[in-house]
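For reference, the structure is listed below as structure tokens.
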2 protein chains.
Amino acid sequence: MTPPPVTLALSGAAGQIGYALLFRVASGEMFGPDTPVRVRMLEHPDALAAGAGVALELQDVASPLLVDVDVTADPRVAFDGADVAVLVGARPRTAGMERADLLSANAGIFGPQGAALNDVAGAGIQVLVVGNPANTNAMIAAAHAPDVPRERFTALTRLDHNRAVAQVALRAGVSPRDVTRVAVWGNHSPSQYPDLRHARVAGRAALDVVDRDWAEGAFIDSVAQRGRAIIAARGASSVASTATAVIQHSHLRRHGVPDGDWTSAGLVSDGSYGVPEGLVCSFPVTSVAGAWRVVPGLELDAFSRARIDASVAELVAERDAARALGHLDPVARSGARPA
Amino acid sequence: MTPPPVTLALSGAAGQIGYALLFRVASGEMFGPDTPVRVRMLEHPDALAAGAGVALELQDVASPLLVDVDVTADPRVAFDGADVAVLVGARPRTAGMERADLLSANAGIFGPQGAALNDVAGAGIQVLVVGNPANTNAMIAAAHAPDVPRERFTALTRLDHNRAVAQVALRAGVSPRDVTRVAVWGNHSPSQYPDLRHARVAGRAALDVVDRDWAEGAFIDSVAQRGRAIIAARGASSVASTATAVIQHSHLRRHGVPDGDWTSAGLVSDGSYGVPEGLVCSFPVTSVAGAWRVVPGLELDAFSRARIDASVAELVAERDAARALGHLDPVARSGARPA
């Protein structure tokens with residue numbers, strides 16, 4: 001029996017990450033080999049023609065899974081009835097741009113998108129923000145969607161998680177499948193804290209396999225600076241690895257994380273681990289019945305506490321700047337969806 | 001039980017098609033979710049640094065399937081023990097370039113690659129040429145590999161096949177899964193003949209569903225000119241749809257084409273359907289035990305015969321030009337592999 005179709009709304013859909021993602025959606029990698037998908041490509045008006053070109057090329061894989069592909073510049077059209085929204089399109093930081101300018105430019109994107117999600121998205125809408133600053137963009141979107149449960153808003157840190165797993169596997173000379181319980185805490189930025197305190201390598205404590213100096217120094221830097229290293233090596237940013245992480249994030253949420261392991265995702269904090277409520281912060285997570293859960297009860301030693309606090313301080317500063325600019329002003333419930 | 005690893009050699013691996021393909025290989029889409037893969041990226045010396053950047057980013061998906069990823073400019077290193085070679089890197093035609101120049105530039109790539117495949121590839125090597133002119137490049141590679149069975153050399157026409165299926169599905173208002181037995185004959189060029197004479201649409205003869213004028217006119221043009229249409233619409237060539245077709249070609253060869261359907265592939269002609277022996281020509285094909293078979297016994301009416309003959313005439317002209325330039329001179333068996 002064919003499962004019901006999933007409606008995927010993708011912003012920045014004509015960009016490189018969108019292009020890397022959509023053909024894998026068409027092949028069933030994101031929602032399963034039998035699940036039909038309705039694709040709603042959301043783009044800036046200037047990029048609608050490019051989006052239409054991508055939609056045209058998508059026809060050429062003759063995928064039986066693609067029910068339809070629409071391209072629009074209107075979030076209220078793109079998000080109408082959407083089950084999953086992947087928000088890639090964002091205003092990147094350019095030379096000479098102040099943080100306040102960056103925040104405002106992105107608030108101008110993610111605020112209206114949050115409002116549109118609030119009013120027209122499907123009842124089970126799940127939102128994944130990829131466009132940077134991803135955590136704060138997700139917070140702003142959530143702030144404009146008072147009727148959508150907080151836990152539906154996430155920021156992508158699965159890429160950081162994968163990078164951390166990969167570096168440990170390389171260091172230990174094992175397969176990535178033997179590296180479990182890595183955690184990425186904090187902001188998807190160079191302040192993030194990839195944490196091996198609870199990680200396992202082929203069943204042993206990671207810190208008994210890789211040395212502690214590395215785990216507390218070069219490892220953290222290599223993961224936090226990896227985006228820059230890829231740009232330097234490739235002459236282009238991390239596109240396909242981001243698309244892979246989006247697919248995995250979505251898949252792990254729906255099908256669960258393998259027993260004994262966890263992944264990382266930016267969630268709206270409920271105060272867990274002392275992270276101020278309402279910040280979108282990366283935590284180690286599992287998924288139960290399609291909903292993310294922060295892994296509970298992990299002991300944080302002084303080193304971990306200090307690293308997490310430093311990244312959270314950055315998130316607090318971003319939040320305060322967004323608040324000062326009015327981007328987090330209370331929004332009335334629209335009543336468009338049930339409480 | 002884990003299957004034995006597949007060694008994939010990919011030329012032009014740092015290019016856009018390589019980039020679109022490799023991350024899908026890493027996710028198991030090409031060789032299956034449990035099959036480990038050794039990736040050998042073959043690149044021009046000028047692109048080795050870019051290739052190394054792609055290899056670095058491939059680490060970041062933490063795929064348990066990627067056993068190792070090497071980057072080299074030496075075909076004898078890249079093809080050593082290879083099970084599958086996907087040859088994407090080619091010299092594109094540039095403004096003012098004569099056909100002889102184009103043929104010679106590509107013979108300088110595909111001749112030595114054929115010789116290297118002959119001497120060092122794995123016993124079961126399967127070669128798929130994607131770089132244009134794909135058919136003649138495949139013929140030149142095969143000519144330099146006298147010890148490798150002819151039927152192991154193929155040129156990609158699955159993309160044309162998919163485009164044809166998609167256009168029929170759009171025209172008939174059905175899912176692509178309901179369109180079967182499309183055939184693409186001839187050269188992977190605007191002379192190709194996408195053929196609906198034997199095609200089925202939801203169990204009915206395609207020509208009873210779509211009108212014959214369209215099937216003999218606009219349909220053929222739209223498929224044959226699709227690459228150009230995508231470039232016009234997208235401002236870039238067909239990258240991700242090509243990568244999808246490569247994955248499907250490989251998958252269909254190994255696992256077979258669904259019963260009652262076929263696909264299209266450029267094979268070294270054994271004289272079937274009057275196509276001169278030795279030309280690499282697209283035929284409707286199935287796959288039996290991992291080997292391509294031309295679909296036998298199809299009746300060709302005068303229209304089909306004329307269209308096939310026209311495309312074959314182009315292949316003959318390419319062959320004769322390559323021969324005149326010495327690119328098809330007999331190569332002695334190296335004795336490097338059993339007869």
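Every chain is numbered from 1 and lettered A, B, ... according to where its sequence line falls, protein lines coming before strand lines. Just so it is clear, the values below take in all heavy atoms, side chains as well, and ignore hydrogens, waters and symmetry mates.
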Are there more than 12 heavy atoms of other residues, nucleotides or ligands under 6.0 Å from atom CG of A:D46? yes

If you count heavy-atom pairs under 4.5 Å between each of B:A169, B:A49, B:G53 and chain A, which one has the most? B:G53

Top contributor to chain A interface from B:V54, B:V61, B:V165 [non-hydrogen pairs under 4.5 Å]: B:V61

Which region of [X], side chain (C-beta onward) or backbone (N, CA, C, O), has a non-hydrogen atom less than 4.5 Å from a non-hydrogen atom of chain B, or is it both or neither?
{"X": "A:S175", "result": "side chain"}
{"X": "A:A240", "result": "both"}
{"X": "A:T244", "result": "side chain"}

Evaluate the criterion side chain to side chain contact (heavy atoms under 4.5 Å, CB included) for residue pair A:S27 and B:Q248; output intermediate values, then yes/no. CA-CA 10 Å; A:S27 77; B:Q248 293 175 339; over 6 Å; no

What's the spacing between [X] [atom1] and [Y] [atom2] if we round to 0.5 Å?
{"X": "B:I247", "Y": "A:F23", "atom1": "CD1", "atom2": "CZ", "answer": "11.5 Å"}
{"X": "B:R163", "Y": "A:Q59", "atom1": "CZ", "atom2": "CD", "answer": "11.5 Å"}
{"X": "A:S237", "Y": "B:E57", "atom1": "OG", "atom2": "CD", "answer": "8.0 Å"}

Relative to chain A, which segment of B:L170 carries a heavy atom at a distance below 4.5 Å: side chain, backbone, both, or neither?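 Answer is side chain: those atoms of B:L170 sit under 4.5 Å from chain A.
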
Please flag which part of B:E29 lies under 4.5 Å from any non-hydrogen atom of chain A: side chain, backbone, both or neither.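 Answer is side chain: those atoms of B:E29 sit under 4.5 Å from chain A.
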
Mind ranking A:S238, A:A50, A:S63 by heavy-atom pairs under 4.5 Å with chain B and telling me who comes out on top?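 Looking at each option in turn, the highest pair count goes to A:S238.
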
I'd like to know whether B:D60 forms a side chain to side chain contact (heavy atoms under 4.5 Å, CB included) with A:N162, so could you lay out the CA-CA distance, the side-chain angles of the two residues, the decisive distance to 0.1 Å, and finally the verdict. CA-CA 6 Å; B:D60 291 355; A:N162 280 341; 5.7 Å; no

Spell out, as yes or no, whether a donor-acceptor pair under 3.5 Å connects the side chain of A:Y19 to the backbone of B:V239. yes

Taking heavy atoms only and a threshold strictly under 4.5 Å, list by residue number the residues of residues 223-235 of chain A that touch chain B; give 'none' if the list is empty. A:R226, A:A229, A:I230, A:A233, A:R234

How close do A:P64 and B:P176 get, counting heavy atoms only, and between which atoms?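 Distance-wise, the nearest heavy atoms are CA-CD, 4.2 Å.
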
